[in-house]
Amino acid sequence: MLQLTFIRENKDLTLAGLRKRHFTNADAIIEQVLSLDQKRRDTQRDLDDTLARSNAKAKEIGALMKTGDKAAADAAKAETAELKVRSKDLEEVLRTAEQQLQEVLVTIPNIPHSSVPEGRTPDDNEVVLEHGNKPDLPADAQPHWELVRKYDIIDFELGVKIAGAGFPVYKGKGARIQRALINFFLDEALKAGYVEVQPPIVVNEDSGFGTGQLPDKEGQMYYVTEDKLYLIPTAEVPITNLYRDVILPESQLPVRNVGYTPCFRREAGSWGAHVRGLNRLHQFDKVEIVRIERPDQSYAALEEMSLHVQSLLQKLELPYRVLRLCGGDMGFTSALTYDMEVWSAAQQRWLEVSSVSNFETYQANRLKLRSKLDGKMQLMHTLNGSALALPRILASILENNQTPDGIRIPQALVPYCGFDVID
RNA sequence: AGAGAGAUGGCAGAGUGGUCGAUUGCGUCGGUCUUGAAAACCGAAGACUGUAACAGGUCCGGGGGUUCGAAUCCCUCUCUCUCUGCCA
């Protein structure tokens, strides 16, 4: 959520940012925010004034009671009735204004960083760099959904029986390579200075709101109605919310956490031609890195996270590219996002395996995540990134490394797998 | 799941209708002392809102109520603890 004072003091900047996002109705909505804010503050002042007079009267009555002047006390009591009615009314007006303001504010996305490219669709994203050589596969190379059947390492039909489409069953070396990838990613993060956490994989409504999934992406999450809990779509939600309503001592900054969790996404209405096999699932595994930074350090941290993710891809010997998302393609809460995509040789397409974002104070404002720096209380910057999401990594490893004798496991992963080929 | 107890500042823990934003202890920070540290002593310190700055307002788990006045009384929700039951 944007800060009200920021909008108030930087109206033009705000509008320019929203335009970059191709956010419709920006002018009208900002006008509405400003007028509601004005009303809120005027009412607040009236109310405060009324309450101040009530408080004074109450004190006066207390003093009169003490001296035993009952008649004077009763007279003073009579004077409070009007103040009471007035403050009740004003409270109601104030509550309504605050509520309306909140309702509008949560519909406004984050302001893009100045380096975010102009653009409307994924085609407008900027390719920052490409790394590695795309392998030349023989003509009879198979996509991963054929390969997993051939080597019997993932069973999609069995998953349908147990749960439904999009819930695969990993078997044998398929299960072991999943476990290997998770451990590899976690170990690499530990080496880079991250502290491992194991959060709950369900969250309450406050948590969903804190990181921005609610109320915006309600339909994207599985919901357990009986207990009012959401299955997490990413570990970003529980891990970042560890710091909700927290004032971090300066000595604890920066915070670096890494966590492995399964992730659940309903993906309602997004099933189509491009989602075969592992390309899009309802349940998948992911290792996530989360950081909390001083505002002046957050963009350096973002670059560091990007390099960390790239180092993982390099160790896995996967060709990849890094995109800087354009204004129209960025997530609602982000100020700057890098997407990492690996080359999937048999499908002949790039697959997104990581998204690394700086949210600046957007999440922190909802979370009330602050720190006192240089004697001033201020919102911290939150960042997160996948490091990494498993299914598409696996898809790419399977496709890129297929040989007539089986699938070669990347060297870095062999110690974790305990085998060097799937055959 | 049943019965009972409880929720107060970073933590511990007072406060049961009126100068209580809240005693005290520990912890934290600053100072004195010391070559330095510890100890001792002295002092400082909540958050939000608001103002040009003061002032003012709000906050004792959440919400509502009684009262001129609520941390304190009433209702309700949530959570925690203890005992019993069940269970990885």
Quiz prompt | Considering all heavy atoms, the nearest R266(A)-H282(A) contact | solution = O-CE1, 2.7 Å

Practice problem: Measure from NZ or CZ of K173(A) to the centre of the six-membered ring of Y151(A) and say whether it is under 6.0 Å with the direction within 45° of the ring axis. | Solution: no

Quiz item: When rounded to the nearest Å, what value does the distance between C1' atoms of C26(B) and C74(B) take?
Solution: 36 Å

Practice problem: Could you tell me whether the side chain of F185(A) reaches within less than 4.5 Å of the side chain of K286(A), counting heavy atoms only? | Solution: no

Quiz item: Is the closest side-chain heavy-atom distance between I201(A) and L231(A) below 4.5 Å?
Solution: no

Exercise. Would you indicate what K368(A) reaches in the nucleic acid, counting non-hydrogen atoms under 4.0 angstrom: base, sugar-phosphate, or nothing?
Key: nothing

Quiz item: If you check every side-chain atom of R40(A), which of G65(B), A47(B), G50(B) has the closest atom?
Solution: G50(B)

Quiz item: What interatomic distance, in whole Å, is found between C1' of C83(B) and the corresponding atom of G46(B)?
Solution: 38 Å

Quiz item: Do I111(A) and L18(A) have side-chain heavy atoms sitting under 4.5 Å apart?
Solution: yes

Self-check item: Toward the 5' end of RNA chain B, by each residue's nearest nucleotide, I61(A) or K88(A)
Solution: K88(A)

Quiz prompt | Same-atom distance (P) from C60(B) to C11(B), integer angstrom | solution = 16 Å

Practice problem: From the options C48(B), G69(B), U49(B), select the nucleotide whose nearest atom is closest to the side chain of K84(A). | Solution: G69(B)

Self-check item: Partner nucleotide of G4(B) by Watson-Crick or wobble geometry (both distances under 3.5 Å)
Solution: C81(B)

Quiz item: Expressed in whole Å, how much space separates the C1' atoms belonging to A14(B) and U8(B)?
Solution: 10 Å

Exercise. Find out whether K228(A) and N204(A) are in side-chain contact, i.e. whether some heavy atom of one side chain is under 4.5 Å from a heavy atom of the other.
Key: no

Exercise. Select from T80(A) and R95(A) the residue whose nearest nucleotide in RNA chain B is closer to the 5' end of that strand.
Key: R95(A)

Quiz item: Once each nucleotide of nucleotides 51-57 of chain B is scored for protein heavy atoms under 4.0 Å, what B/S/- sequence comes out, 5' to 3'?
Solution: S----BS

Quiz item: Can you tell me how far P in G57(B) sits from the matching atom in U19(B), rounded to whole Å?
Solution: 14 Å

